[in-house]
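Heavy-atom basis, side chains included; hydrogens, waters and symmetry copies ignored.
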Amino acid sequence: MYVGIDVGTSVVKAAAFDGEGRQLAVESRPVELSLHGGFVEQDMTEVYDAVVDVLAKLTASVPEPVELAGLTGQGDGVWLVDREGRPVRSAVSWMDGRAHELLDQWLADGTFETVFRRTGGAMFPGSPGPLLAWLDRYEPKSLDAAAAAVYCKDMVFQRLTGAARASTDVSDASMPFMDPRTRTYDNRVVELLGLTRRRRLLPPVGDPITTGEVQVGLPAGTPISNGPYDLPACALGAGVTAPGDGLLIVGTCLAALVATTELDLSGEPAGLYISTDRHGHRLRAMPAMVGTAALDWVLSTTGVTHAEVDGLLASTPPGARGVRVLPYFAPSGERAPFVEPRLRAELSGVSLETTPADLIRATCEGIGYAARHCLEAAGLTGSLAVCGGGTRSSAWMQLLADVLGRPLRVVEGEVGARGAVLAAAERFGVSLDAGVWTEPTAVVEPDPGRSAYYSAGFQEHLGRLDVARGRAGR
């Protein structure tokens, strides 16, 4: 069997697949996020222990030989480790907002745009550049004590394999220090962010081979590959590799990705280009800050369960009886398809007659409009796959197809873990039929009438967003 490990923001999962890509078993374990005053952190030991735990349970439930393993996980943030890969302090999450003042400064003085024009990455508060600069200013002893500033999967990989030093792959290295043309760190960017004296913390980049042998969690000696991180891993797991084709991940983070061989560093700085194992092939990524987390907040606030969502979506018409939601709930604002650290969610059109169903539909519609905005900015021209926790709601998938005005290739199961296995197989020279592995489980067609309604609604959404961005930028 083949094992994929996906170290998510809130859940750690391990999935087993057979040679035809059929999912045999999944084990998962939740991990905590600590949120306080805009700071969002995770206990690295808890995350690593969760990985070991789910691997042990998976191999016990499916007692077959493990051919190879692929590892993926959440991107961005800062995971400071010592030489053995052990934590120097808690990991700072990609959701963290503490560095927003530094980002405001760089937006004002042109540093933000200069970095984008060099790397294709639009920094946001939870990306490594601002976070390392903040730590250098306010917690220099943490950086002094660290051997490397890595990403989530890199910490796990070093601990699982006992590697002598930390390393990363081209996907995680894409933001914000790597030049996408040379696929090496741009030292001028390091200098612009005031981090020259911390340059030693940037881990070596495997291009593309970052592999090893497992010592813990799986049978000793199992070949394991590190990366790509979760966004490009999901693209692989959904079969999105041809230029123009796209993927929408409806998870905690609403992420839009489009495969491309182009590199356009003009236009409004936003999103990033994610380098892949294939030179010249990239993903134009517009990862918005909040996806299902916005709906979760509304469900919690209204006392509605996930099981009730489909019925409630059916009970209120398109337009949610005039209720509108700008779904920018993250404490660090928004990062795609624009960067505005101070933007916050807005609800309008609410009255005493508004029902929970209206609020839920308006939130889903708002997320759909945000997804359309991201996909258009990323350059979608081909087919569109969709994956993530949101796919479990058939009514929401129909709503998304209507809002986006295009068919959705729904890919269910552990798509990130599947992509990690496919990447590992390619790196180890193991032949797997990617077409079979990435077959969609369903195709959802849009309703022409509702799509026309939502096309006009999208333009209204953009108008409200412009006004909100103007207020946030003051």
Side-chain angles (χ1 to χ4, degrees), residues 9 74-77 93-97 99-100 103-104 106-107 112-113 115-117 119-131 171-172 174-176 180 229-232 234-235 240 246-260 262-275 282-294 326-345 366-380 384 386 388 390 400 403-404 458 461-462 465-466 468-469 472-473:
T9 303
Q74 58 179 293
D76 295 303
S93 169
W94 61 271
M95 298 178 71
D96 194 274
H100 71 85
L103 196 63
D104 287 344
W106 292 338
L107 284 163
F112 172 86
E113 182 169 351
V115 170
F116 177 81
R117 303 299 175 207
T119 69
M123 294 182 293
F124 64 98
S127 60
L131 288 176
S171 69
D172 254 334
S174 297
M175 171 70 93
Y229 79 95
D230 56 2
L231 298 188
C234 283
V240 176
L247 172 67
L248 180 65
I249 304 172
V250 188
T252 304
C253 163
L254 182 72
L257 303 99
V258 175
T260 183
E262 304 294 324
L263 180 63
D264 182 3
L265 303 182
S266 63
E268 179 176 5
L272 72 155
Y273 282 93
I274 303 173
S275 293
R282 306 176 182 88
L283 291 166
R284 184 72 171 110
M286 293 290 172
M289 287 301 295
V290 174
T292 57
L326 291 177
Y328 306 104
F329 286 82
S332 53
E334 189 48 272
R335 61 176 176 173
F338 55 86
V339 175
E340 180 46 72
R342 298 183 184 278
L343 185 65
R344 295 295 182 269
I367 294 170
Y369 290 139
R372 182 165 175 168
H373 196 185
C374 287
L375 287 164
E376 289 189 359
L380 177 67
L384 178 63
V386 61
L400 265 181
V403 172
L404 297 175
F458 177 58
H461 168 87
L462 294 179
L465 177 59
D466 283 343
R469 288 185 65 185

Closest non-hydrogen atom pair, P337 against M286 =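 Heavy atoms of P337 and M286 come nearest at CA-SD, 3.7 Å.
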
inquiry  = Using every non-hydrogen atom in the two residues, find where A370 and Y328 come nearest and quote the distance to one decimal.
reply    =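 Taking every non-hydrogen atom into account, CB-OH, 4.2 Å.
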
Considering residues at least two apart in sequence or located in another chain, which fulfil the salt bridge (charged side-chain N to carboxylate O under 4.0 Å, His left out) criterion with [X]?
X    : answer
R344 : none
E262 : none
R282 : none
D172 : K153

Working for side-chain contact (heavy atoms from CB on, under 4.5 Å), residues T119 and L265 = CA-CA 8 Å; T119 69; L265 303 182; over 6 Å; no

message = Using 0.5 Å steps for rounding, measure from the CG atom of D230 to the CG atom of D76.
response =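 Here the interatomic distance stands at 9.0 Å.
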
request  = Look up atom SG in C374 and atom CZ in R284, then write down how far apart they are to the nearest 0.5 Å.
outcome  =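 Reported to 0.5 Å precision, the distance equals 10.5 Å.
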
Could you check whether any side-chain heavy atom of [X] comes within less than 4.5 Å of a side-chain heavy atom of [Y], counting everything from C-beta outward?
X    : Y    : result
W94  : R335 : yes
V339 : L103 : yes
E376 : F458 : yes

key: Partner residues of V403 under the side-chain contact (heavy atoms from CB on, under 4.5 Å) criterion, sequence neighbours left out   =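 So V403 forms a side-chain contact (heavy atoms from CB on, under 4.5 Å) with Y369, L399, Y454.
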
message = Using the side-chain contact (heavy atoms from CB on, under 4.5 Å) criterion, which residues pair with A285? Sequence neighbours excluded.
response =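 Partners of A285 by the side-chain contact (heavy atoms from CB on, under 4.5 Å) criterion, ordered by chain and then number, come out as L257, L272, I274, P287.
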
key: Worked verdict on L247 versus L283 for side-chain contact (heavy atoms from CB on, under 4.5 Å)   = CA-CA 10 Å; L247 172 67; L283 291 166; over 6 Å; no

inquiry  = Using modelled atom types and a 3.5 Å cut-off, is there a donor and acceptor pairing between side-chain atoms of T292 and backbone atoms of G390?
reply    =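 The answer is no, because no donor-acceptor pair under 3.5 Å joins these two groups.
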
key: Any donor-acceptor pair under 3.5 Å from E334 side chain to M289 backbone   =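 Side chain of E334 to backbone of M289: a pair is present.
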
ask   = Could you go step by step and tell me if L343 and L465 meet the side-chain contact (heavy atoms from CB on, under 4.5 Å) rule?
value = CA-CA 10 Å; L343 185 65; L465 177 59; 4.0 Å; yes

task = Identify whether the distance between the nearest side-chain nitrogen and carboxylate oxygen of D104 and R342 falls below 4.0 Å.
result =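 Salt bridge flag = yes for R342 with D104.
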
query = Going by the angle between their ring planes, with limits at 30° and 60°, are F338 and H373 parallel, tilted or perpendicular?
reply =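 It falls in the tilted class, 30° to 60°.
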
